[in-house]
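Shown next, in structure tokens, is the structure this report addresses.
Sequence lines set the chain letters: A, B, ... in the order given, protein chains first and strands last, and positions in each chain run from 1.
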Protein chains: 2
Amino acid sequence: MRWLDESEQRVWRAYLATSQQLWDRLDDELQSGTGMPLSEYEILVRLSEAPDRRLRMSQLADLVVHSRSRLTHTVARMEGRDLVARRPCLEDGRGVLAELTDHGYQVLAEAAPVHVQSVRRHMFDPLSSEEVEVLGRAMRKIAESLKER
Amino acid sequence: MRWLDESEQRVWRAYLATSQQLWDRLDDELQSGTGMPLSEYEILVRLSEAPDRRLRMSQLADLVVHSRSRLTHTVARMEGRDLVARRPCLEDGRGVLAELTDHGYQVLAEAAPVHVQSVRRHMFDPLSSEEVEVLGRAMRKIAESLKER
DNA sequence: CCAATGCGCTTGAAGGTTCAAATATTCCGC
DNA sequence: GCGGAATATTTGAACCTTCAAGCGCATTGG
């Protein structure tokens, strides 16, 4: 079995710590600007981009990388705040559609600039365009490899 | 206010989704191999590297990127499983030292190969050495920039 | 000295996520 | 069509994290 060498170790730890810190910061900035956690914001974004602002629960879960169960609970809470609504799916009686409400759209429209600014400031501004490019490629390669097995 | 363009958008989403999936996968593989979540494993690692296998609670919290409160609760649970012990800090009566127990060390030693293999497989194997290098640099730059404000 | 303020950590409750099991519907082979 | 396996989602309890408040020790300034 092969261990990580010094420099791999450094990369791995930088990645691990920084990815947490970055998430925490973006989440904080969004929450203090809008009261909404980043994980819920992502749900609004995905719905807003879908045809008729609707998606099946499981598609949505995959897009935002949540478990089915987590999404069910989260959507239930968001439904209570009138951000999304649930509708039965006509093509498949087992399915449920989550739909962005008008109010949800409003909230999203207010939150978006706050979030975009955070992302720009903390992720893109510190990096050269070459670094951004390689980072994107690296993440896509990792994602690709995660799909196998 | 400047929005993200197409390609920035792609990078950002690839980063966001993949970093979650990667964490989930590493966590799953560690848990199914050892029963321990990755977040607790990280605590054992940091303690094992500290002089006398001890660290102040707040240093440890910073290293693993947990809130103080979260660390208190987690260490309490781990203490119950005899992975760590708490000792008073002699230099500062307010402080508490978390110390790795022998049993904790054992558990760590068994878990480490499982985890290292996951990291190698899912993070390093898919990337060229140039990509690894740039990824490390990019994450360090982001971390640096997060420190300011 | 010793009050006042701050720091390090903990507490308990509220909130969110996971886990295993339940429900309902569809799909498949016969 | 019908029974059985598979799929989509939900449920509720256990578990973990966050949040606000609290406790005790340390430090500082008068």
Side-chain angles (χ1 to χ4, degrees), chain A residues 20-21 23-32 35-44 46-47 50 54-81 83-99, chain B residues 20-21 23-32 34-44 46-47 54-81 83-99:
Chain A
Q20 302 240 44
Q21 285 160 347
W23 174 275
D24 288 353
R25 182 66 73 89
L26 296 176
D27 196 43
D28 278 359
E29 289 181 356
L30 186 66
Q31 288 223 31
S32 60
M36 185 167 45
L38 185 47
S39 54
E40 294 189 6
Y41 173 87
E42 290 292 323
I43 291 173
L44 299 183
R46 296 302 185 156
L47 289 177
R54 287 182 196 147
L55 285 172
R56 291 286 294 268
M57 291 294 280
S58 40
Q59 285 181 62
L60 182 53
D62 291 343
L63 287 169
V64 299
V65 194
H66 288 192
S67 69
R68 308 315 160 89
S69 172
R70 177 181 178 184
L71 187 69
T72 295
H73 288 298
T74 303
V75 164
R77 265 178 277 132
M78 294 174 79
E79 196 174 21
R81 283 180 283 143
L83 296 170
V84 299
R86 262 179 238 261
R87 323 177 92 270
C89 175
L90 302 178
E91 299 88 55
D92 184 340
R94 296 165 300 183
V96 171
L97 292 164
E99 178 175 325
Chain B
Q20 301 241 42
Q21 286 161 346
W23 173 275
D24 288 353
R25 181 66 73 88
L26 296 176
D27 196 42
D28 279 359
E29 289 181 355
L30 187 66
Q31 288 224 33
S32 60
T34 70
M36 185 167 46
L38 186 46
S39 54
E40 294 189 7
Y41 173 87
E42 289 293 323
I43 291 173
L44 299 184
R46 296 300 185 157
L47 289 177
R54 287 181 198 150
L55 284 172
R56 292 285 294 268
M57 291 293 281
S58 41
Q59 286 181 63
L60 182 53
D62 291 343
L63 288 168
V64 299
V65 195
H66 289 191
S67 70
R68 302 336 163 68
S69 171
R70 176 181 179 185
L71 187 68
T72 295
H73 287 298
T74 304
V75 165
R77 266 177 275 131
M78 293 173 79
E79 196 174 19
R81 282 180 282 142
L83 295 170
V84 299
R86 260 180 240 261
R87 322 177 92 269
C89 175
L90 302 178
E91 299 88 57
D92 184 339
R94 297 166 300 182
V96 171
L97 293 164
E99 178 176 326

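Where A:Gly93 and B:Arg68 meet DNA chain C, the nucleotide closest to each residue was compared, and B:Arg68 sits on the side nearer the 5' end.
When every heavy atom of B:Leu55 is checked against every heavy atom of B:Gln59, the shortest pair comes out as CD2-OE1, 3.6 Å. Closest approach of A:Thr72 to A:Arg86, counting heavy atoms only: O-NH2, 3.6 Å.
For C:dT10, the OP1/OP2 oxygens have a side-chain nitrogen or oxygen of B:Arg86 closer than 4.0 Å. Phosphate proximity of C:dC9 to B:Arg56: present, with a side-chain N or O under 4.0 Å from OP1 or OP2.
Between its opening and closing five pairs, the helix from C:dC1-D:dG30 to C:dC30-D:dG1 changes axis direction by 30°, a value rounded to 10 degrees.
At least one side-chain heavy atom of A:Leu97 sits less than 4.5 Å from a side-chain heavy atom of A:Arg56. Inter-residue side-chain proximity for A:Arg25 and A:Glu29 is flagged as met; some heavy-atom pair is nearer than 4.5 Å. B:Asp62 is not listed as a side-chain neighbour of B:Met57, based on a closest heavy-atom distance of 4.5 Å or more. Side chains of B:His66 and B:Glu42 form no contact here, defined as non-hydrogen atoms less than 4.5 Å apart. Between B:Gln31 and B:Asp28 the shortest side-chain heavy-atom distance does not fall below 4.5 Å.
Across all strands shown, A:Thr72 has heavy atoms under 4.0 Å from base atoms, whether or not it also approaches the sugar-phosphate.
Put simply, CD on A:Glu79 is 13 Å from C1' on D:dT9, counting in whole angstrom units. The separation between A:Met57 atom CE and C:dA24 atom P is 18 Å, rounded to whole Å. Distance B:Leu38 CG to C:dT18 P: 14 Å, rounded to the nearest Å. The distance between atom CG of B:Leu55 and atom P of C:dG8, rounded to the nearest whole Å, is 15 Å. In this structure, A:Asp27 places its CG atom 12 Å from C1' of C:dG16, rounding to the nearest Å.
The backbone N or O of B:Pro37 lies less than 3.5 Å from no partner atom in the side chain of B:Asp27, so there is not a single donor-acceptor pair.
Side-chain N/O atoms of A:Arg94 and base N/O atoms of D:dT9 include no donor-acceptor pair closer than 3.5 Å.
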Name the pairs: protein N/O against N/O of nucleotides 15-22 of chain D, kept only if under 3.5 Å.
residue, atom, partner, partner atom, Å
D:dT17, OP1, B:Arg70, NE, 3.2
D:dT17, OP1, B:Arg70, NH2, 2.7
D:dT17, OP2, B:Thr74, OG1, 3.3
D:dT17, OP2, B:Arg77, NH2, 3.0
D:dT18, O4, B:His73, NE2, 3.0
D:dC19, N4, B:Ser69, OG, 2.5

